[in-house]
**Q** 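Quick one: this structure, given as structure tokens, is what I'll be asking you about.
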There are 2 protein chains.
Amino acid sequence: MNNISIYTEKLRESGLRPTRQRLKICELLFSPEKTFHFTINDLTKIIEDKLSEKISLATIYNTIHAFKKKGYLKEISINSDKSYFDTNVTEHHHFFDEDTNELIDCSNDDIDSVNIKKNITGKKIKSIEVLIKVASDNQNQN
Amino acid sequence: MNNISIYTEKLRESGLRPTRQRLKICELLFSPEKTFHFTINDLTKIIEDKLSEKISLATIYNTIHAFKKKGYLKEISINSDKSYFDTNVTEHHHFFDEDTNELIDCSNDDIDSVNIKKNITGKKIKSIEVLIKVASDNQNQN
DNA sequence: CATTTACATTAAAACAATTCTAAACTGTTG
DNA sequence: CAACAGTTTAGAATTGTTTTAATGTAAATG
Ligand SMILES: [Mn+2]
Ligand SMILES: [Mn+2]
Ligand SMILES: [Zn+2]
Ligand SMILES: [Zn+2]
């Protein structure tokens with residue numbers, strides 16, 4: 001099947017024209033069968049190294065932000081060093097491996113649903129997400 | 001009671017000598033009856049404005065990091081713009097008000113305890129924390 | 001089809017948070 | 001007091017991110 005037209009649609013939905021650069025980014029993000037987590041730096045490296053392409057940082061940031069705004073990507077905050085993005089846009093929880101700095105999806109089967117009994121008055125709950133930090137047993141957790 | 005000796009002890013425990021600047025920081029962090037959340041920028045502002053003191057940024061960062069390492073402060077990741085710190089070092093959950101960018105402790109009474117059924121093999125769970133993002137009902141959530 | 005216009009890409013500059021550096025300072029110890 | 005270890009500081013450097021402004025591209029207009 002023609003993925004290009006899917007990417008084109010996603011770009012249009014995000015308010016962007018389907019350019020060569022943006023289609024390349026789409027291919028990296030949306031063609032893998034499995035969802036994954038990445039930083040802008042990861043993505044830039046892949047574009048440079050694996051694709052031997054050159055897409056300017058500004059274009060990468062613009063495109064990623066447009067997708068995030070539209071809901072085609074999710075941003076995950078693990079630490080304040082950098083932003084992580086997630087191609088799995090469903091509401092879900094994460095393990096964060098402090099040894100490897102790796103972010104791993106927590107299947108809904110692996111956790112009981114979280115029940116909030118009392119909310120802030122006048123506010124609506126937008127999301128409930130759990131972050132489980134893990135590390136090797138015999139590790140010094142700084 | 002003499003808080004100074006408590007602060008001195010905390011500093012020593014964190015591997016730092018009790019200097020005038022560091023004791024000032026201790027007072028701001030540990031004398032309030034209620035715990036609170038702050039950014040380095042918040043803290044710097046308080047020192048400058050309310051205390052009319054001048055403590056260099058480097059000293060502030062050093063001291064906060066030493067306390068964090070020792071476990072006298074906790075770092076909370078909400079977004080990647082800046083780090084939030086918490087004087088409540090117990091494991092607990094947070095509401096984050098997207099309208100005001102305010103971080104609010106979620107009392108343990110307000111949430112059922114989170115039950116993880118399956119963990120990553122060979123890893124130990126270091127913490128389980130829930131982040132509940134809230135916003136005004138009639139708000140555009142970008 | 002030529003012209004206008006809107007949108008894109010880019011390199012580089014600007015920016016903000018954080019970390020590092022190196023020199024001056026302080027307090028303790030021999 | 002002299003030597004030393006640790007501290008403070010201003011400012012420089014670094015890092016991730018955003019903005020700018022010049023140039024390019026391609027859809028829309030007539
Ligand atoms: Mn950090
Ligand atoms: Mn952000
Ligand atoms: Zn995920
Ligand atoms: Zn808290």
Side-chain angles (χ1 to χ4, degrees), chain A residues 4 7-28 37-48 51-70 73-85 101 103 142, chain B residues 4 7-8 10-28 37-48 51-70 73 75-85 101 103 142:
Chain A
I4 299 291
Y7 304 155
T8 299
E9 186 55 19
K10 284 198 150 142
L11 285 166
R12 289 244 159 79
E13 284 289 315
S14 308
L16 300 175
R17 286 185 187 165
T19 63
R20 186 170 46 78
Q21 291 88 338
R22 289 171 179 163
L23 286 168
K24 260 314 178 200
I25 292 172
C26 281
E27 197 171 323
L28 287 174
H37 307 102
F38 66 95
T39 65
I40 296 285
N41 189 42
D42 294 338
L43 189 57
T44 308
K45 282 259 167 52
I46 293 172
I47 291 167
E48 282 173 2
L51 267 57
S52 320
E53 294 259 344
K54 166 70 189 174
I55 302 179
S56 83
L57 250 194
T59 296
I60 296 173
Y61 271 101
N62 285 344
T63 308
I64 295 304
H65 281 150
F67 282 151
K68 185 205 160 180
K69 186 165 186 183
K70 180 64 191 178
L73 287 176
K74 231 155 78 85
E75 191 172 3
I76 316 269
S77 289
I78 293 303
N79 63 45
S80 47
D81 297 343
K82 58 186 55 137
S83 273
Y84 284 71
F85 292 90
N101 266 24
L103 200 53
N142 87 314
Chain B
I4 300 290
Y7 305 155
T8 300
K10 284 199 149 140
L11 285 165
R12 289 242 160 78
E13 285 289 315
S14 308
L16 300 176
R17 287 184 186 166
T19 64
R20 185 171 47 78
Q21 292 88 337
R22 288 170 179 163
L23 286 168
K24 259 317 177 199
I25 293 172
C26 282
E27 198 171 320
L28 287 174
H37 308 103
F38 66 95
T39 64
I40 295 287
N41 189 43
D42 295 337
L43 189 55
T44 308
K45 283 262 166 52
I46 293 171
I47 291 167
E48 282 174 3
L51 266 57
S52 320
E53 294 257 345
K54 166 71 189 173
I55 302 178
S56 84
L57 250 193
T59 296
I60 296 174
Y61 271 102
N62 285 344
T63 307
I64 295 304
H65 280 150
F67 282 151
K68 185 206 160 180
K69 186 166 188 182
K70 181 64 191 178
L73 287 177
E75 193 172 2
I76 316 270
S77 289
I78 294 302
N79 63 46
S80 47
D81 297 342
K82 58 185 55 139
S83 273
Y84 285 71
F85 292 90
N101 265 26
L103 200 53
N142 87 316

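Note: hydrogens, waters and symmetry copies are ignored here, and every other heavy atom, side chains too, is used. Below, chain A is the first sequence line, B the second, and so on; all start at residue 1. Quick caveat, the model's predicted, so the values are computed rather than measured.
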**Q** To the nearest 0.5 Å, tell me how far A:I46 CD1 sits from A:N41 CG.
**A**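 One gets 10.0 Å once the value is rounded to the nearest 0.5 Å.
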**Q** How bent is the helix from C:dC1-D:dG30 to C:dG30-D:dC1, measuring the angle between the end axes built from five pairs each, rounded to 10°?
**A**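 Rounded to the nearest 10 degrees, the bend comes out at 0°.
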**Q** Not counting sequence neighbours, which residues clear side chain to side chain donor-acceptor pair (under 3.5 Å) with B:K45? List them please.
**A**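 Once residues adjacent in sequence are excluded, B:K45 has no partner under the side chain to side chain donor-acceptor pair (under 3.5 Å) criterion.
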**Q** Checking A:T44 now: which residues fulfil side chain to side chain contact (heavy atoms under 4.5 Å, CB included) with it, not counting sequence neighbours?
**A** A:I40, A:E48, A:L57, A:I60
**Q** What is the distance from CG of B:N79 to C1' of C:dA17, rounded to the nearest Å?
**A** 12 Å
**Q** Given atom CZ of A:R12 and atom C1' of D:dA26, what is their separation to the nearest angstrom?
**A**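 The distance from CZ of A:R12 to C1' of D:dA26 comes to 12 Å, rounded to the nearest Å.
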**Q** For B:F67 versus B:K10, what's the shortest heavy-atom pair and its separation?
**A** CE2-O, 4.0 Å
**Q** Evaluate the side-chain proximity of B:H65 to B:K69: yes if any heavy-atom separation is below 4.5 Å, no if none is.
**A** no
**Q** Please give me the minimum heavy-atom distance between B:N79 and B:D81, naming the atom from each residue.
**A**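 That closest heavy-atom pairing would be OD1-N, 2.8 Å.
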**Q** Can you check the A:L11 CG to D:dA27 P distance for me, whole Å?
**A** 14 Å
**Q** Take the protein atom NZ of A:K82 and the nucleotide atom C1' of C:dA17, then report the distance between them rounded to whole Å.
**A**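 It works out to 14 Å between those atoms.
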**Q** Taking all non-hydrogen atoms of both residues into account, name the closest pair between B:Y84 and B:N101 and its distance.
**A**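 Looks like OH-O, 3.7 Å.
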**Q** Please round to the nearest 0.5 Å and tell me the distance separating atom CD1 of A:I76 and atom OG of A:S83.
**A**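 Result: 10.0 Å between the selected atoms.
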**Q** Consider only side-chain N and O atoms of A:D42 and A:T39, and report whether a donor and an acceptor are under 3.5 Å apart.
**A** yes
**Q** Could you tabulate the donor-acceptor pairs under 3.5 Å formed by side-chain atoms of residues 17-28 of chain B, not counting sequence neighbours?
**A**
{"residue": "B:T19", "atom": "OG1", "partner": "B:R22", "partner atom": "N", "Å": "3.3"}
{"residue": "B:R22", "atom": "NH1", "partner": "B:R17", "partner atom": "O", "Å": "3.1"}

**Q** In this structure, how many angstroms lie between the P atom of D:dA26 and the CG atom of A:L16, rounded?
**A** 16 Å
**Q** From CG of A:D81 over to P of C:dT18, roughly how many Å is that when rounded to an integer?
**A** 9 Å
**Q** Pull out every residue in residues 17-25 of chain A that has a heavy atom closer than 4.0 Å to any atom of DNA chain D, ordered by number, or say none.
**A** none
**Q** Can you list, in residue-number order, the parts of residues 52-65 of chain B that come under 4.0 Å of DNA chain D, counting heavy atoms only?
**A** B:K54, B:I55, B:S56, B:A58, B:T59
**Q** For A:E75 and D:dT17, what is the distance between atoms CD and C1' respectively, to the nearest whole Å?
**A**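 Taking atom C1' of D:dT17 as the reference, CD of A:E75 is at 11 Å.
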**Q** Quick check: closest heavy atoms across A:I47 and A:L51, and the distance to 0.1 Å?
**A**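 Distance-wise, the nearest heavy atoms are O-CB, 3.2 Å.
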**Q** Rounded to the Å, how far apart are A:I40 CD1 and D:dT18 C1'?
**A** 12 Å
